[in-house]
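Worksheet: one structure, shown below.
Counting starts at 1 for both ligands and their atoms, in listed order. Nothing fancy with the numbering, it's 1 onward along the sequence.
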Amino acid sequence: MKIINARLRHKDQLYTIICENGYFTEVRIQTDVISDECDIDAQQQLLCAPFIEPHIHLDAVLTAGEPRWNKSGTLFEGIECWAERKQMLSESDVQSRVLKAAELLISNGVQHIRTHIDVTDPNLTALKAIAPLKEKLLPYLDLQIVAFPQEGIFSFPKGKQLMEQALEIGADVVGGIPHFEFTREYGVDSMRWVVELAQKHNKLVDVHCDEIDDGNSRFLEVLATAALESGMTSKVTASHTVAMHSYNNAYCSKLFRLLKMSGINFVSCPTENTHLQGRFDNFPKSRGITRVKELRNAGINVALAQDSIQDPWYSLGNGKLLRQVDFALHACHMMGYDDFKVALDFITDNGAKVMNISDSYGIEVGKPANFIVLNGKDDVEVIREQSDVIWSVRKGEVLIERKPSVITQCPKLCL
Ligand code: 17E
Ligand code: FE2
């Protein structure tokens with residue numbers, strides 16, 4: 001496959017790119033625009049590595065309103081609604097919804113997904129339905145599965161056994177939810193247990209950590225310490241961490257030293273948590289987003305994610321990661337030109353670090369020929385215009401191709 005006139009991130013020149021047998025074999029600078037024979041003429045638009053969705057609950061997609069709507073808009077009512085919907089799961093119900101969501105994500109340029117699957121179910125119905133889809137979806141995307149204990153590990157009957165069973169069935173990542181455990185002690189113990197379990201089975205860790213507007217929810221320090229002392233470091237991710245929004249600055253300043261030393265990653269879900277958090281506040285209401293800008297400026301890896309596609313927690317999920325970037329830039333005061341220039345890192349390279357796939361991710365000779373072409377020339381234009389994905393190519397094969405929308409009538413006002 002030959003691609004011409006491609007613009008790469010942070011580069012001034014145009015490029016010709018050759019892929020053979022599913023890998024990039026040449027990434028060559030052009031001196032000018034060319035019109036050679038080719039498979040894709042990128043027409044001077046941005047070609048970059050595929051988008052990454054590093055945090056989504058695929059078991060719950062497309063269930064909003066079933067069997068009832070989350071009226072309070074809180075995380076906790078969402079968990080109650082889901083506990084009722086969970087009783088109704090079957091293999092075909094789960095698989096058909098997951099495949100619909102996967103199509104939506106693929107059509108929006110995503111090729112790598114980390115999904116949290118609830119394992120607080122004695123039958124593990126969702127996990128058993130989704131584990132075989134990893135193989136089926138491989139031509140289109142890579143799927144990492146987190147064994148996610150939605151109702152707790154220490155606070156749910158046979159919680160530990162279910163987590164262990166989930167790893168046997170095919171989970172790649174060990175999850176946790178310390179702020180939802182019955183007691184602080186359970187939460188602390190669960191963090192140590194999760195890291196030990198992951199080490200024992202050579203798995204990654206991704207914890208829903210401190211997803212609560214309680215400035216006293218401090219399980220992040222326990223997780224980061226376990227990551228540091230176990231040597232698991234960047235194999236560990238802390239998701240949500242919204243309590244950090246409510247931490248006092250003196251504590252947060254001390255905490256950041258540990259976070260840097262630990263090497264752990266962060267995932268923030270800005271639209272979801274702005275919707276779910278602040279629900280117990282009077283005015284002013286907290287935004288419920290972790291300190292994305294401050295973490296990034298401290299050199300800590302932060303990726304952005306959607307969390308939900310039309311589920312009991314959030315009903316407007318649409319598979320478009322550019323929306324998350326747009327939202328985070330606004331809500332986290334990242335509106336400087338320097339912020340814009342690297343904005344796509346949040347849904348590309350940073351997500352790859354979370355998923356521990358950086359070695360095989362990116363536009364470089366020798367790496368798998370996975371890429372997207374966007375209808376915009378750089379990070380700034382793509383974010384501002386919320387550009388469409390024009391092509392998505394995987395292992396040198398076209399997955400999607402889209403015609404950019406064309407205006408057929410518009411008043412001419414220019415001089
Ligand atoms: N479960 C949870 O604990 N938190 C969330 N944000 C979602 C599910 C979507
Ligand atoms: Fe989540």
Side-chain angles (χ1 to χ4, degrees), residues 52-66 69-70 72-86 89 97-98 101 113-121 126-127 130 144-153 155-156 159 171 173-181 187 190 194 205-214 217 219-220 223 237-245 265-279 287-290 302-319 321 324 327 351 354-355:
I52 295 189
E53 171 49 271
H55 186 123
I56 191 150
H57 297 256
L58 284 180
D59 51 354
V61 290
L62 308 175
T63 63
E66 298 172 6
W69 289 92
N70 177 349
S72 66
T74 58
L75 168 68
F76 309 109
E77 187 177 343
I79 295 173
E80 284 168 23
C81 295
W82 172 242
E84 290 171 33
R85 182 59 174 79
K86 201 158 46 171
L89 295 178
R97 287 185 293 99
V98 169
I113 297 177
R114 174 179 283 182
T115 183
H116 293 257
I117 304 303
D118 184 2
V119 298
T120 49
D121 163 9
L127 181 68
I130 293 171
Q144 270 183 9
I145 296 179
V146 185
F148 171 52
Q150 177 68 81
E151 295 182 56
I153 301 172
S155 315
F156 191 78
V173 187
V174 182
I177 188 162
H179 54 276
F180 195 75
E181 300 283 358
S190 76
V194 158
V205 170
D206 192 333
V207 170
H208 278 62
C209 196
D210 303 314
E211 192 185 10
I212 186 167
D213 294 325
D214 172 6
S217 187
F219 298 104
L220 178 56
L223 178 64
T237 295
S239 285
H240 297 293
T241 61
V242 302
M244 192 196 289
H245 193 92
N265 306 287
F266 286 77
V267 173
S268 172
C269 305
T271 53
E272 175 102 12
N273 284 124
T274 303
H275 159 62
L276 293 176
Q277 312 309 136
R279 294 285 174 167
R287 297 179 183 202
I289 307 182
T290 195
V302 190
L304 298 176
Q306 291 174 90
D307 211 10
S308 293
I309 293 181
Q310 300 156 46
D311 69 13
W313 295 276
Y314 185 83
S315 47
L316 294 184
N318 60 7
L321 280 156
Q324 301 307 320
F327 199 90
V354 166
M355 290 185 68

The Fe ion (ligand 2): angle it makes with NE2 (His57) and NE2 (His240), nearest 10 degrees =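 Rounded to 10°, it measures 170°.
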
message = Please report, to 10°, the angle around the Fe ion (ligand 2) from atom OD1 (Asp307) across to atom NE2 (His208).
response =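 So the angle at the metal works out to 170°.
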
Taking only heavy atoms of [X] into account, list the atoms of ligand 1 that are under 4.0 Å away from them.
X      : answer
His57  : 1 (N), 7 (C), 8 (C), 9 (C)
Gln150 : 1 (N), 2 (C), 3 (O), 8 (C)
His240 : 6 (N)
Ser308 : 9 (C)
Leu75  : 2 (C), 3 (O), 4 (N), 5 (C)
Ile177 : 3 (O)

task = Just let me know how His116 lines up against ligand 1, side chain, backbone, both or neither, with a heavy-atom cut-off below 4.0 Å.
result =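 Looking at His116 and ligand 1, no heavy atom falls under 4.0 Å.
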
request  = Would you mind checking if Lys86 and Glu151 are paired as a salt bridge, meaning a charged N to carboxylate O distance below 4.0 Å?
outcome  =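 Looking at Lys86 together with Glu151, the answer is yes, because their closest N to O distance falls below 4.0 Å.
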
query = What residue and atom, counting heavy atoms only, is the protein's closest point to atom 4 (N) of ligand 1, and at what distance?
reply =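 That would be Glu211 OE1, 2.8 Å.
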
task = Please state whether the rings of His208 and His240 are parallel, tilted or perpendicular, taking 30° and 60° as the class boundaries.
result =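 Tilted, since the angle between the ring planes falls between 30° and 60°.
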
pair [X]-[Y]: side-chain heavy atoms closer than 4.5 Å:
X      : Y      : value
Leu220 : Phe266 : yes
Ile309 : Leu62  : yes
His245 : Asp213 : no

request  = Take every heavy atom of Phe148, measure it against each atom of ligand 1, and state whether any distance is under 4.0 Å.
outcome  =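 Under 4.0 Å: yes for Phe148.
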
task = Report yes if the distance between the aromatic ring centroids of Phe219 and His179 is under 6.0 Å, otherwise no.
result =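 No - the distance between ring centres of Phe219 and His179 does not fall below the 6.0 Å cut-off.
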
query = Hey, are Ser155 and Glu181 close enough side-chain-wise for a donor-acceptor pair under 3.5 Å?
reply =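 Result is yes, a qualifying pair exists.
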
message = Name the residue from Leu276, Thr271, Asn273, Asn70 that meets the side chain to side chain contact (heavy atoms under 4.5 Å, CB included) definition with Tyr314.
response =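 Single side chain to side chain contact (heavy atoms under 4.5 Å, CB included) partner of Tyr314 among Leu276, Thr271, Asn273, Asn70: Thr271.
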
